[in-house]
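Owing to the predicted nature of the structure, the values given are computational and were not obtained by experimental measurement. Just so you know, ligand 1 is whichever comes first in the structure, and atom 1 is the first atom listed for that ligand.
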Amino acid sequence: MSAVGRVDLIGGGPGPLDLLTLRAWRLLTTADVVVMDRLGPTDIRAHIRPDAELIDVGKHPGHHPVPQHEINDLLVSRAREGKHVVRLKGGDPFVFGRGGEEVAACLAAGIAVDVVPGISSAIAVPQAAGIPVTHRGVAGAVHIVNGPAGVGPATIAALHDDSITTVILMGVAALPRIVADALQAGVPSDRPVAIVERGHHHDQRTTRSTLGAVVIDAGVAGIRNPAVIVIGEVARAGLLLSLPQLTGDAVR
Ligand code: SAH
């Protein structure tokens with residue numbers, strides 16, 4: 001073990017271990033310390049070194065068992081002990097994952113740090129429900145937002161534009177307010193909405209609705225976290241069955 005350790009932030013993807021990259025897997029299985037989250041791969045004890053320290057700092061919405069500054073301090077202190085620390089994060093570390101803050105904390109402390117990208121739920125959870133977030137001829141841009149931050153002008157503009165897909169993470173609690181603000185701003189109430197819970201897990205579930213009906217439909221279905229909310233034409237049920245067959249290099 002070297003005198004000064006290092007930290008690798010690795011993207012864990014949406015849950016299944018085989019959605020980790022090979023690089024993330026190599027780092028995970030050789031680390032001295034693994035600091036993991038609630039989302040992403042959680043069943044990892046059998047795959048890390050038997051003598052590795054496993055620390056769960058999993059967060060629940062609205063309830064943060066380990067504050068971010070303590071996670072930052074933990075990464076730095078273990079690395080200062082000469083350990084190779086792997087910070088396993090759900091999805092991609094830099095998509096609403098606070099990965100930037102952890103990198104900054106390591107750099108400020110003079111600790112070597114690197115980031116391995118991961119498969120983000122923003123793209124892969126809609127995919128798991130058969131929703132291509134940019135489907136040629138239907139949507140040409142994706143607007144990814146964080147539900148608790150609410151609906152600013154950029155999100156209203158995205159929701160108004162039927163060629164933009166809006167993807168909302170951490171959006172279950174904020175859904176009624178997001179919908180009310182969008183309808184108030186004149187976004188059409190028939191805009192398709194899909195809510196995909198527990199994407200890439202065996203109990204994945206998709207609820208299809210429209211902007212005007214989704215609050216009631218989500219209540220009836222009992223939608224819970226973790227879920228990705230997709231608003232836009234690509235969320236329409238049967239999208240991939242109803243379009244004319246594309247040919248040649250148009251099929252991508
Ligand atoms: N860095 C992560 C996102 C962290 S924010 C990424 O790139 O995926 C946490 C939010 O991600 C959750 O509230 C939920 O909206 C979404 N999420 C993560 N994993 C999910 C899963 N398997 N199914 C549904 N939503 C998921």
At a 4.0 Å threshold, what atoms of ligand 1 neighbour a non-hydrogen atom of [X]?
X    : result
P226 : 24 (C), 25 (N), 26 (C)
L39  : 9 (C), 12 (C), 18 (C)
V196 : 24 (C)
S120 : 6 (C), 7 (O), 8 (O)
D92  : 1 (N), 6 (C), 7 (O)

Can you tell which part of [X] has a heavy atom less than 4.0 Å from ligand 1: side chain, backbone, both or neither?
X    : result
A227 : backbone
V172 : neither
V95  : both
Q204 : neither

Nearest candidate to atom 13 (O) of ligand 1, where distance is taken over non-hydrogen atoms, out of M170, R198, H201: M170
Do ligand 1 and [X] have nitrogen or oxygen atoms that lie under 3.5 Å from each other?
X    : result
S121 : yes
A122 : no
I119 : no
F96  : no

Exercise: identify the closest heavy-atom pair between L17 and P41: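 Looks like CD2-CB, 3.7 Å.
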Pair D32 + R49: basic N to acidic O under 4.0 Å: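 A salt bridge is present here (some side-chain N lies under 4.0 Å from a carboxylate O).
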We want to know whether [X] and [Y] form a side-chain donor-acceptor pair, criterion being a heavy-atom distance below 3.5 angstrom.
X    : Y    : value
T30  : H84  : no
S120 : D92  : no
H200 : Q127 : yes

Proximity flag G90 to ligand 1, non-hydrogen atoms under 4.0 Å: yes
N72 and its side-chain hydrogen bond (donor to acceptor under 3.5 Å, both in side chains) partner, picked from Q68, H69, E70: Q68
Residue of the set V66, V85, L54 for which side chain to side chain contact (heavy atoms under 4.5 Å, CB included) holds with V35: V85
L211 side, atom CG; D190 side, atom CG - distance, nearest 0.5 Å: 9.0 Å
Donor-acceptor contact below 3.5 Å, side chain H160 vs main chain A185: yes
More than 12 heavy atoms of other groups within 6.0 Å of R23 CZ: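 No, because the 6.0 Å sphere around CZ of R23 holds 12 heavy atoms or fewer from other groups.
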